[in-house]
Each structure stands twice: as structure tokens, then as C-alpha cells.
**Student:** 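Would you mind keeping the following structure in view while I ask a few things?
Numbers restart at 1 for each chain; the letters A, B, ... are given by sequence-line order, proteins then strands.
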Amino acid sequence: MTGLEWFVLTSGIGAIALINWYFFVAPARAVVAIATGGAASEITITVDGGYNPPHVRVPAGRPVRLIFDRRDTGSCSEEVVFPDFGIRKYLPTGQKTVVEVTPPAAGRYSFMCGMSMLRGTVEAV
Amino acid sequence: MTCAACQSRVQRTLQKQPGVNDATVNLMMHDATITFNPRTTSPGTLVEVIRDTGYGASLASGDETAFDEQATRDRASAEEYRELRFKAIVSGIIGVLAMVLSMPLMSQLAGGAMMPVADPFMRWTMTVLDPALRSATPWLYVLPPMAVSWLLLLLTAGVMAWAGLHFYTRAWAAFRHHAADMNTLVAVGTGAAFLYSAVATVTPGFFLRRGVAPDVYYEAVVLIIALILTGNMFEARAKTQTSSALRALVNLQPKTARVLRRDVETDIGVELVSADDTVIVRPGERVPVDGEILSGESAINESMLTGESMPVAKKPGDRVIGGTVNGTGAFRFRATTLGADSMLAQIVRLMRDAQGSRAPIQRLADRVSGIFVPVVLSLAVATFVIWFIAADTAPAVRAFTAAVAVLIIACPCAMGLAVPTAVMVATGKGAELGVLIKGGEALQRAGDVNTIVLDKTGTVTEGRPTVTDVLPVPEGAYADRGDDLLSLVASLETRSEHPLADAIVRYAQERDLRISEPDAFASQTGRGAVGVVRGVGVIVGNAALMAESAVQALSMRDAADRLASDGKTPMYVAIDGTLAALIAVSDPIKDSSRAAIAQLRALGLEVVMLTGDNERTARAVARAAGIDRVVAGVLPAGKVREIERLQRAGNVVAMVGDGINDAPALAKADVGMAIGTGTDVAIDAADVVLMRGDLRTAAHAIALSRRTMRTMKQNLFWAFVYNVVGIPIAAGVLYPALGLLLSPILASAAMAFSSVSVVANSLRLRRARLT
């Protein structure tokens, strides 16, 4: 193998490692928003090519109002789905849409876009 | 409304209104929640009150949101479609132009780098298009290549910045969130091809010095964008069609109603109708809201809600449903349930929830699509490295095209669309047939059902039993006083809620017999009733109750057996502890039941009938309806046990019954099918609601579910196989053996076709024949 080929091989392996780190390892350290407060906690989640914050922590057994503020126009993010709660909600661009859920017990409840490309979690504690 | 002061002002004004119990105004959400007494005020009045304070307001009741949301969605998707179409056409034209312009550049390289041309599309351009252009437009081939390259660079940059812009912005937005989707693949693929070409155009020496041909891929970038836009365009259109049934339902809601206000007929918006308003409906008009007929008669077409094709005759006292179409009569009715509680709004909500639910079968697809894009990106890098090292001639060019082809051919969308589109089309199709399926999970379980349990009363039979025989004990005290006896029994039974009791009371009323309040009454669940009427002890019920009450009933046993063999339910009557008579009640089998049971059996289902009736009566009814297996004499709790027993034997059990008495059994069954009771469609215990009492719809529901499962499996299979086969081909695994490669352009065509075909396959469910 030539020097150029060795170079391509090592940078290729490096690139693959970087891709997998960025998409699989790094997101675990994403921001966690913590909802507190009285009767119903509220958290605003910005939808712009992804959910920000992607992870929210809420008290279990109490209703939480997730306010989805959709900024992008991609058809992928036009719906948000909470499979555990049987909710599929259309999010009009430029509007805030409320999804109210009551996590019955402590645990992680995921939500995603209509095609499961964008993901987020509600963690009940 | 922009500040907290405005918020409290609106809130205070609302709270001061007569009839308002409580009002909360939310500044952030721009909404107000008001609890009010509908007799004193109305939502319309409150809207006016807010407008008087100088702020805008409109009603946002549940149903209106549903209707509005559908309209917003439709507008958005129609606009998306138009935009995609325009962009696809324009970039397609530019793509063809770019291709023609590229031919001279390609043929210059043809002697070296591009040979042997392994891709079918490239081979075609080289062997057919190139010679054709040479003879038709020879001047193209004398243009300076540098000038052509620069022109292509500008054209391509223009297309990317205009038609393809959203791929890049969305990919970037996702990237920032550590996420990747289809846009990432398109953006990386076309972006890399463009950058490579741009460097080759601006500083060709950069490649030449390293022994790499300064090739350009402008036409590929433009054509990929054009083809993917075309795919997205078809997908957008097809996705709209998947919710056409829901849209049809939403459109049933009339906008206005003609009501009587102070003896004047006024047309008002349907959201302003209040409960107890008198609504006027003329021939051929749509019934605006739910209600009860006050005067007039007509036949109403309810097919859009119940699937019942024959118009239903209505007279005063009957219920009418908002959204149905009046026939030739005119009538007035009293508005009852409105807004979000109306039947139409309930159905729309139910369907929306169902369409939003996920089928368990999707979990695998979800798991794969979550990791799909990063995996494909890694594969593309690996493809580049392997080609670069392994290829003998022009390694960089081949490595590069193969890597781009891998990025472009991968289609995560097909996996994401496979199950939800099928759920949407199937629930819509169900609604057209009068079957409301509550979601993907119900659909999937209904597809696996192999045993169907039918409740007898109201499901197999009409559910309105009538008295057929009254047989006093010969020589007994009531031998020729049948009416006196009936009067006593009917008086006792007024307190019972059992359908058989109801039949006796109606029978007595029809004969104008005296009915008095019983002095004492005790219901014996599943056996009968005991009490005192006008100082006389009365016992009505089955043989078991007589035995318990120490009543000698042997003398009438043969008569009772005879009645039961005819499918009638015999009831013993004892007066003051002595057997006095037998009363037989019969509940005729529905006309549709026989055909329905034949259909269920044709689907390979084991059909079981459950009833609280005695064995003989049950057998006679089952024989007439064509059912083999009967479980008779079960108390309500016994139905649950019977279903458990069937489930333990390894069966997947569907239970059909009414939503009230059979609720526990419906909940216990794998699939609970409730027979809709007219206005209440949101029966909690049920997975499936049959909108009319016709048992054939149960067969439709199961046939539809099976068909839908097949469609989902086809879709998932196709989506997986497409990617599992397509990606390696694009990477070039077939090249060593067959010499086959895919150009990025062909890859993009395959990708566009893949997701469209999944949606198209789901749409085929709309035309599925289920009988």
C-alpha cells in the first residue's frame, strides 16, 4: 500500500469512529431540562431539526404540559408521537402546540417525530 | 394580548359574567379556560365579551380544533406539494441541460478514468447519448471545457441554493441536535459531489498533482436533487390520500344551523347552537347537530357514520346525528350533545387518535431507523476506503462515486412510512364500513384473532325480547286469570333492568294492564326476581330460583323444555309460593346474523356464543344462527372466566358484545368489539366499535385487520430488503462478479421510488375487498 492509501485508510477509520461517537455517544450527555412547580409543570421544547431540550425530567404521576414550539418546515418534524400515551399530534410551523401527558410511574417515555428520526425522552422521577 | 395586565383584565371581565363559575386566561398559550353554566350563558356570548374588551377571541372547542387542524394540515400539504412540484420540474430541466453540457467533458475522460463503464445508466450515456449529441450538436464539443465547467458550477450552485436548500438547512439543524435523517444523507452525498467537482473546476492541478482525474459530477448533483424532490412530491400527495377518510368525516360537519329563537327561524353558526335549542331541518339538508326529534318524520341517510346503506326512518323521540343527511321529510329537533361531545366529533377524535397510534410491529422499524443514518454514513466511508485501496484504475473517482451512491440509495423513509401509512388507510377504510378501530395495536391483535365469542342478546339477536307465550298452570289459581297474573308479574318487573323483565312490562302495557309499584323487590342476578306486589308474594325466574325458593315446578318442566327447544326463554312464575304459570320470551335473531356467522367461519374463526340463557334455548338460537359452540347459563362474571379459559387454551379471542353489560368481558378479550349504542362511540373497554348492530361488520373488521397486517409486513419487508440489497449494490459488491455498479443518479431514482412504493402499497388497502 502506498502512503496515500495508508492515509485514506486511517482517516476513514477515524471518520467512522467520529460519526458513531457524535451520533450515539455524545447525545447521551445532552441537556436535561427539569420541570418543577405546582399542579401542572410546563416545559417548552423547540422543534428545529430536532428537539431542544431532547430530554426532560418531570415528576411521575403528575400532569406535565409539553409546549412544542416548531420553527422548521421539514415534513419529518410535522408530527410528534408519544407511543406510550397513544398521542400523535400535528405541529403547525411557527406555532406552539401543547401536549399534555401524565407519566403514570417513574421511567423513561420516549417521543419522536412521525418517522422516528428525531427523538426525545420524558423521564419521570 | 401581550402582557400580564391584559391577561388579568380579560380574566376579571370573564369572571364577572353571569353564569361564569371560573375563568383562567393563559398569556403564554393565548387561551382561556372557562367553566360556565350553559343555561345562563354560552360560548358565543363569552367570545363577544372578550372582543368587547378590545382583544381578539374565537372558540377553540375540541371538535373545532380537530376540524381546523385538518384544514391547516391540508393547506400546508397542498402548498408543500405545489412547491415540491415546481422545484422538481425546474431542477429536472436544469439537470437534463447539465447532463447534455457534461457529455463533452465526460467523453474527454472516457478514454481513461471512466472505462470500463460499469453502470447501466452511464453506459447508456456513453453509447447512445454521446454519439447522438455529437452528430446533432457538434458545436457543443468544441466549447472550451473550462468554460463549460464553470457554467455547470454556477448552475448547480443555483439549484442547490434554491431547490435543494431545505436538504442542507434541515440536515444542519438535525446535526446540531446529534441527530441524522434522510436530509443528512442527501446533503452529505450531494454536498460531497459538489465540493469535489468545484475543486476540480477551480484548481484542477490539486487533483492532477496527485494522479487523480479532475472529474466533475454537476449533472449528478442536480439530477439527484430533482429525483428526490420528485419522490418527495409523490410521497406528499400519497400521504395526503392516506387521511382522505378522516377528511371526508371532518367535512360532514355543517357550518350553520337553522334554529328557532323567539319563534323566528335564524341561521346561526353551528358552534353557537346551545343545548335545548330547537333546530329545523328541511328535506335534503344535513342535520347540523345531535338531537332528538320533536315533530315531523323523515328517513335519514346515516351511511357516512354507520356504514348502513339504507336510510333510517325517524319519528318524534328518535335520535338524530349531526352530519347525517335528511331525506324527503322535514322535522324539528331539540339539540342535545354539542361540540366536542357530539357523535361526529367523538368519531373524528377517535379516528385521529387511532391514526396516531403505533402498531407493535413497528418497534423493529423504529429500532432500525434510530441508528440507520449514522450506520449508512459509516458504510459510505468504508466503501470509499475499500475502493480507494482496491481499485486498479482511477481509484479516487470510483471510490468517490460508490460512496456517494451508498449515501443516496439508502432510504430511511420507507421504513418510517411502512406501518403508519397502513394504519391510517386501514382505520379510514374501517370508518367507511362502520367499524371504528381504536389504533394500530388493536388492528394488529385483531389480525391474529382465531376465536370469536358472541354475546347472544343484542349481538346475535335483536336484543328486544318480546313475550310469546303465557301458560298458566292448568287447574291452578290463575288458570283463567292470565291478565291478573301478568299484572302482578309486570308490576314486580318494573323495578328490574333485565331485558326479559322489560319485555314483560311492555307486553302488559300494550294490554293496558294495571301496573303498580311493588311493595318489595329483590333482584337475583342471573336467576330472576323476588318481591311483593299488592300484598301478594311474586317470584319470577328460572328453575334454579324456583328450587331455591322451595317452589314445586316439576309439573311445567316439559312445557318449559318445549318452549326452550323453540329458542324461547321460559320463566316460571310463583304466586305466594305456588307455581302459577310459565311466561316465554323470545328474542328474534337479526336478519344479518346468519350471513355474518357464515362469513366469520369462512375467515377460519371458531365462533362461540355466550349467554345467560338456559342451555336448551341457547342451543335452539345457536342452531338457527349457524353456531356450533354454545356456552349457556353464564353469569356476567362467567363471561370473563370463559374468555380466560379460551385464552389459556392458546386462542386469540375477540369478544363481541354491548359496551355496558359486557364491558369486563370486552376488556378481558384480546380484541373487544362493542356494538355502538347510537351516540356513545367512545366505549372505553372496546378496541373496536361496530357502528351499527350488524354482526357482519365484525367480520369486516377482522378481514380488514388481516389484510392490513399483510400490507404492513409487505411494506416492512420491502423497506428492509430494499436497503439491505440496495446499499451493498451501490457499494459495488456485485462489481467483482458481474461488473455491475450503480451511478448516484440511478441510486437517487431507486430511493425516490422506494418510499413512494410503500405509500402506494398502503393506499391499495382503500380498494381492498373484504367480503
Side-chain angles (χ1 to χ4, degrees), chain A residues 1-2 4-6 8-20 22-30 42 44 48-52 54 65 67 71-79 81-83 86-90 92-93 95-98 110 112-120, chain B residues 28-31 69-70 72-73 76-77 80 166 169-183 210-211 232 235-236 239 352-358 362 365-366 369-375 377-378 381-382 384-386 388-389 395 399 412-413 415-417 420 438-439 441:
Chain A
M1 291 217 298
T2 65
L4 186 63
E5 284 172 349
W6 276 111
V8 167
L9 180 64
T10 44
S11 10
I13 292 170
I16 291 173
L18 196 67
I19 289 169
N20 286 279
Y22 187 80
F23 289 109
F24 297 131
V25 183
R29 283 189 262 142
E42 277 188 359
T44 302
D48 188 4
Y51 300 114
N52 191 19
R65 283 162 69 88
I67 303 165
R71 307 255 174 89
D72 67 354
T73 52
S75 64
C76 193
S77 63
E78 72 184 12
E79 286 180 323
V81 182
F82 286 77
I87 294 173
R88 177 180 287 251
K89 198 111 182 189
Y90 176 64
T93 298
Q95 285 184 33
K96 291 177 175 166
T97 311
V98 177
S110 55
M112 54 207 74
C113 73
M115 292 190 206
S116 323
M117 295 270 120
L118 317 175
R119 284 155 180 280
Chain B
M28 248 228 323
M29 294 309 302
H30 293 267
D31 63 15
E69 186 187 309
Q70 192 62 46
T72 317
R73 264 188 110 133
S77 58
E80 187 193 3
H166 62 280
T169 53
R170 286 171 197 171
W172 174 243
F175 182 79
R176 284 203 332 260
H177 292 100
H178 297 270
D181 56 14
M182 181 205 86
N183 297 307
R210 286 160 180 82
N232 290 355
E235 195 185 304
K239 262 162 67 187
R352 183 177 300 278
D353 291 351
Q355 300 201 327
S357 68
R358 321 205 104 197
Q362 197 175 351
D366 278 352
S369 46
I371 59 162
F372 185 80
V373 176
V375 167
L377 289 172
S378 307
V381 173
F384 183 90
V385 172
I386 292 169
F388 193 87
I389 294 169
C413 294
M415 268 181 296
L417 293 168
K438 287 207 187 154
E441 198 175 340

**Student:** Counting only heavy atoms closer than 4.5 Å, note whether A:F82 contacts chain B via side chain, backbone, both or neither.
**Tutor:**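 No part of it gets close to chain B.
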
**Student:** Do you know the tightest heavy-atom contact between B:S378 and A:I19?
**Tutor:**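 Nearest pair, atom of B:S378 first, then A:I19: OG-CG2, 4.0 Å.
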
**Student:** Identify the two heavy atoms, one from B:I389 and one from A:E5, that lie closest to each other, and give their separation to 0.1 Å.
**Tutor:**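 Minimum heavy-atom separation between B:I389 and A:E5: O-OE2, 3.7 Å.
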
**Student:** In terms of ring plane angle, is the pair A:Y22 and B:F175 parallel, tilted or perpendicular, where the classes change at 30° and 60°?
**Tutor:**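 Geometry flag for B:F175 against A:Y22: parallel rings.
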
**Student:** Could you tell me which of B:A76, B:A180, B:A382, B:P395 has the largest number of non-hydrogen atom pairs under 4.5 Å with chain A?
**Tutor:**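 Of the options given, most contacts go to B:A180.
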
**Student:** Based on non-hydrogen pairs under 4.5 Å, which of A:L18, A:V8, A:L4, A:D72 is most in contact with chain B?
**Tutor:**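 Heavy-atom pair counts peak at A:V8.
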
**Student:** Is the shortest side-chain heavy-atom distance between B:V373 and A:F23 below 4.5 Å?
**Tutor:**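 The answer is no, as the side chains (C-beta and beyond) never meet within the 4.5 Å cut-off.
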
**Student:** Which atoms of B:E441 are under 4.5 Å from chain A, going by heavy atoms: the side chain, the backbone, both sets, or neither?
**Tutor:**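 Neither part, no heavy atoms under 4.5 Å.
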
**Student:** If we define contacts as heavy-atom pairs under 4.5 Å, which of B:A174, B:G439, B:P374 has the most with chain A?
**Tutor:**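 Option with the greatest count: B:P374.
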
**Student:** Given that the side chain runs from C-beta out, which part of B:I386 has a heavy atom under 4.5 Å from chain A: side chain, backbone, both or neither?
**Tutor:**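 It is neither, since no heavy atom gets under 4.5 Å.
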
**Student:** Under 4.5 Å heavy-atom distance to chain A, tell me which part of B:A171 shows up: side chain, backbone, both or neither.
**Tutor:**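 B:A171 has no heavy atom closer than 4.5 Å to chain A.
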
**Student:** Any idea which of B:I371, B:V375, B:T169, B:L417 has the most non-hydrogen atom pairs under 4.5 angstrom with chain A?
**Tutor:**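 Counting heavy-atom pairs under 4.5 Å, the top option is B:I371.
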
**Student:** Return the OG1 to CZ distance between A:T2 and B:F388, rounded to the nearest 0.5 Å.
**Tutor:**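 Answer rounded to 0.5 Å: 6.5 Å.
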
**Student:** Of the non-hydrogen atoms in B:V381 and A:A15, which two are nearest, and what is the gap between them?
**Tutor:**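 Smallest heavy-atom distance, with atoms named: CG1-CB, 4.1 Å.
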
**Student:** Sort A:E78 into side chain, backbone, both or neither according to what part of it lies under 4.5 angstrom from a heavy atom of chain B.
**Tutor:**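 Contact with chain B involves the side chain of A:E78 alone.
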
